[in-house]
Amino acid sequence: MLDQKLIRENPTYVEDNLSPRGKVYKISFIHQLTLQKKEIDIEISSLQSESKKLSKLIGQEISKSQNKDSLELNNLKKKGNEYRIKISEFEEKKRILDQQIHNEIYDLPNLPSKDAPIGKDESDNVQVKTWGDPLKTKNPKSHWEIGENLNLFDTIKSTKISKSRFITLVGDGARLERALINFMLDMHSKNGYLELMPPALVNSESLTGSGQLPKFSNESFKCSNDDLWLSPTAEVPLTAFHRNEIIDSKNLPIKYVAYSPCFRREAGSYGRDTKGLIRLHQFNKVELYWFCDPSKSIEAHKQITSDAESILKKLNLPYRLVDICTGDLGFSSSRTFDLEVWLPSSNCYREISSCSNCLDFQARRSSIRTKIDKKNIYLHTLNGSGLAIGRTMAAILENGQQTDGSVKIPDALVPYFGSNVLKTA
RNA sequence: GGAGAGGUGGCUGAGUGGUCGAAAGCGAACGACUCGAAAUCGUUUAAUAGGUAACUAUUCGUGGGUUCGAAUCCCACCCUCUCCGCCA
């Protein structure tokens, strides 16, 4: 959420800085609302002050005179009643204004960073670097072919259980998934992250806090009987973990790593990535999350990205780092670096991690602050996948495929998986 | 799911309509005593929002209501605890 004060005092700045997202954001309406609200706040506060003084006076008079029904007292009470009516009128106006502002402001995305490349869509994203050598074999198999050959998962039976875009991992496939989760959690824990295992169901307030609601209600699964949703990413519960808190600055940065299943409706992606592990309604992910001092988030963003990269390096998977352009930036993010892993069968890089600096956007929505120089200020939040497990498995299968149909397991994973090769039994 | 109890400052806990943002204790900070410490004594000590500040407002689980005035009365909801039932 953007700062109301900023909108009130500098609407053109906000408008100008939202525009690189590629859409026109008219904020004159909300600007007017914030001005009106400020006036009403002042009015209410002064009326309350008067009314409070009067009530005290009445109390004093009563204890002095013992006569509760004197004419004088009744006049004072009458005056008090007038205050009450006036105040409640203003409060009603304020309630409506608050609601209107709420409706507007929660739909505004974060301001893109000045450092983010300007662009209109993903074709304008900027490749920053590549790492590793993309596998160049002739006719590489896709990971779903490999998976089928080695009997690692079953899509057909999964539609029987749920529907399309769900998967059941089988045997070594399930074991590999589990190995990857443990491997990543261990790596990040050793690297100073505290491991959390949060609930998979989250309430509306949590989703609003991290930016998925109200605008993107279509993208998450909702439980019809409760105010609960299946969490689309651990970013949601991790943000909510500290909602309405003021965190002692000496505890910053707070760094969490969390494994969680993630659930996404993938509305509007019909026909895309219908095969394999790339785009599922349910997938596993290990997520990195930072709460940090606002002055240090740029540095933290580099760090969280390199922490995610370290997993790809350990697994020896070729990847590239992409600087996401303003038009392709996520709703809550001011700047995002994507890590894209090489998938030989598609002959391209595919997103496997997205590392975002949300600045104070989520912190303001969730009211998470820190005290610096005796002032409470919103801290900065950062998140990054470290990594998406299913896509990592796809990358391992495709990049590790051997001519004999087996798959080489990356050395770093062998202790977790218990074998250095995947082959038919 | 049923029955009961309860939610007050950093913590414990008093407070059933008036000067209560709230007693007392603990804790914490500072000072005195001490070579130093402990103990003791004294002083201070809730938070949030707005404002350069003076100051103003809000806050006793949350949201409404009654009243000139609510921690206190009324309504709804949330949460916690105990017992019973069910359950991994």
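Within every chain, numbering begins at 1; the chains are lettered A, B, ... in the order of the sequence lines, protein sequences first and strands thereafter.
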message: Between B/rG17 and B/rC79, how far apart are the two C1' atoms, rounded to whole Å?
response: 28 Å

message: Taking B/rU44 as the reference, what is the distance to B/rA76 when you measure between their C1' atoms (whole Å, please)?
response: 42 Å

message: What is the distance, to the nearest angstrom, from the CG atom on A/L47 to the P atom on B/rC68?
response: 17 Å

query: So, is A/R369 near the phosphate of B/rA49, with a side-chain N or O under 4.0 Å from OP1 or OP2?
result: yes

field: Value in whole Å for how far the P atom of B/rU56 lies from NZ of A/K52
entry: 9 Å

message: Using the C1' atom as the point on both nucleotides, what is the distance between B/rA24 and B/rU80, in whole Å?
response: 26 Å

message: Using the rule given for salt bridge (Lys or Arg N to Asp or Glu O under 4.0 Å), can you reason through A/R243 versus A/E205, listing the C-alpha separation, both sets of side-chain angles and the distance that settles it, and then say yes or no?
response: CA-CA 10 Å; A/R243 189 167 65 236; A/E205 212 179 332; 3.5 Å; yes

- request: In whole angstrom, give the distance that lies between atom NZ of A/K375 and atom C1' of B/rA49.
  value: 11 Å

message: So, does A/K371 get its side chain near the phosphate of B/rU48, meaning an N or O under 4.0 Å from OP1 or OP2?
response: yes

- prompt: Mind checking the C1' distance from B/rC77 to B/rC26? Whole angstroms is fine.
  reply: 34 Å

message: By the 4.0 Å heavy-atom rule, please label A/K79 as base, sugar-phosphate, or nothing.
response: nothing

field: Under 4.0 angstrom between A/K78 side-chain N/O and B/rU67 OP1 or OP2
entry: no

Atom C1', compared across B/rA23 and B/rA14: separation rounded to whole Å: 6 Å

message: With a 3.5 Å limit on both atom pairs, tell me what B/rG21 is paired to, counting Watson-Crick and G-U wobble, or say none.
response: none

task: State the pairing partner of B/rU58; accept Watson-Crick or G-U wobble contacts with both distances under 3.5 Å, and report none otherwise.
output: B/rA47

field: Below 4.0 Å: OP1/OP2 of B/rU58 and any side-chain N or O of A/Q48
entry: yes

- prompt: What nucleic acid atoms does A/K53 come within less than 4.0 Å of, heavy atoms only: base, sugar-phosphate, or nothing?
  reply: nothing

- prompt: Choosing from B/rA57, B/rG21, B/rU48, which nucleotide comes nearest the side chain of A/K56?
  reply: B/rG21

- request: Tell me which nucleotide among B/rA57, B/rG69, B/rG50 gets nearest to the side chain of A/S45.
  value: B/rA57

query: Of A/L76 and A/S46, whose nearest nucleotide on RNA chain B comes first from the 5' end?
result: A/S46

query: In whole Å, what is the span from the CG atom of A/D41 to the P atom of B/rC55?
result: 21 Å

Watson-Crick or G-U counterpart of B/rG1, or none if no pair lies under 3.5 Å: B/rC84

task: Please work out whether the ring planes of A/F221 and A/F166 are parallel, tilted or perpendicular, with thresholds of 30° and 60°.
output: tilted

- prompt: Considering only B/rG50, B/rA57, B/rC68, which nucleotide approaches the side chain of A/S49 most closely?
  reply: B/rA57

- prompt: Is A/D41 salt-bridged to A/K37, cutoff N-O under 4.0 Å?
  reply: yes

- request: Write down the partner of B/rU40 under the Watson-Crick or G-U wobble criteria, each distance required to be under 3.5 Å.
  value: B/rA32

field: A/L57 CG to B/rG18 P, straight-line distance once rounded to whole Å
entry: 17 Å

message: Could you tell me how far apart A/E91 (CD) and B/rU58 (C1') are, to the nearest whole angstrom?
response: 11 Å

task: Select base, sugar-phosphate, or nothing to describe what A/G80 touches, counting heavy atoms under 4.0 Å on all strands.
output: sugar-phosphate

message: Applying the ring pair (Phe, Tyr, Trp, His ring centres under 6.0 Å) criterion to A/Y256, which one of A/W290, A/Y289, A/F241, A/Y193 satisfies it?
response: A/F241

Closest to side chain of A/R95, choosing from B/rG51, B/rG64, B/rU58: B/rG64

Separation between the C1' atoms of B/rG31 and B/rU72, rounded to whole Å: 39 Å

message: I'd like the C1' distance from B/rU59 over to B/rA22, given in whole Å.
response: 12 Å

task: Could you measure between the two C1' atoms, the one in B/rU8 and the one in B/rU56, and give it in whole Å?
output: 25 Å

- line: Taking every heavy atom of A/G211 against every heavy atom of A/R365, the minimum-distance pair comes out as CA-NE, 3.7 Å

query: Is there a Watson-Crick or G-U wobble partner for B/rA14 with both distances under 3.5 Å, and if so, which one is it?
result: none

field: Among B/rU48, B/rC68, B/rA57, the nucleotide that comes nearest once only the side chain of A/N376 is considered
entry: B/rU48

For B/rG6, the Watson-Crick or wobble counterpart (both distances under 3.5 Å): B/rC79

query: Which nucleotide in the list B/rG69, B/rG18, B/rG51 gets nearest to the side chain of A/I58?
result: B/rG18

message: What is the distance, to the nearest angstrom, from the CD1 atom on A/I42 to the P atom on B/rU58?
response: 15 Å

query: What do you reckon, are the aromatic ring centroids of A/F183 and A/F417 less than 6.0 Å apart?
result: no

message: I need the single residue from A/L312, A/D338, A/I311 that forms a side-chain contact (heavy atoms from CB on, under 4.5 Å) with A/Y319. Which is it?
response: A/L312

statement: For B/rG69, the nucleotide meeting Watson-Crick or G-U wobble distances (both under 3.5 Å) is none

- line: Per nearest nucleotide of RNA chain B, the residue lying toward the 5' end, A/G59 or A/E9, is A/G59

query: How many Å lie between CD1 on A/I87 and C1' on B/rU56, as a whole number?
result: 13 Å

field: Distance, nearest 0.5 Å, that separates CD of A/E72 from CD of A/E61
entry: 6.0 Å

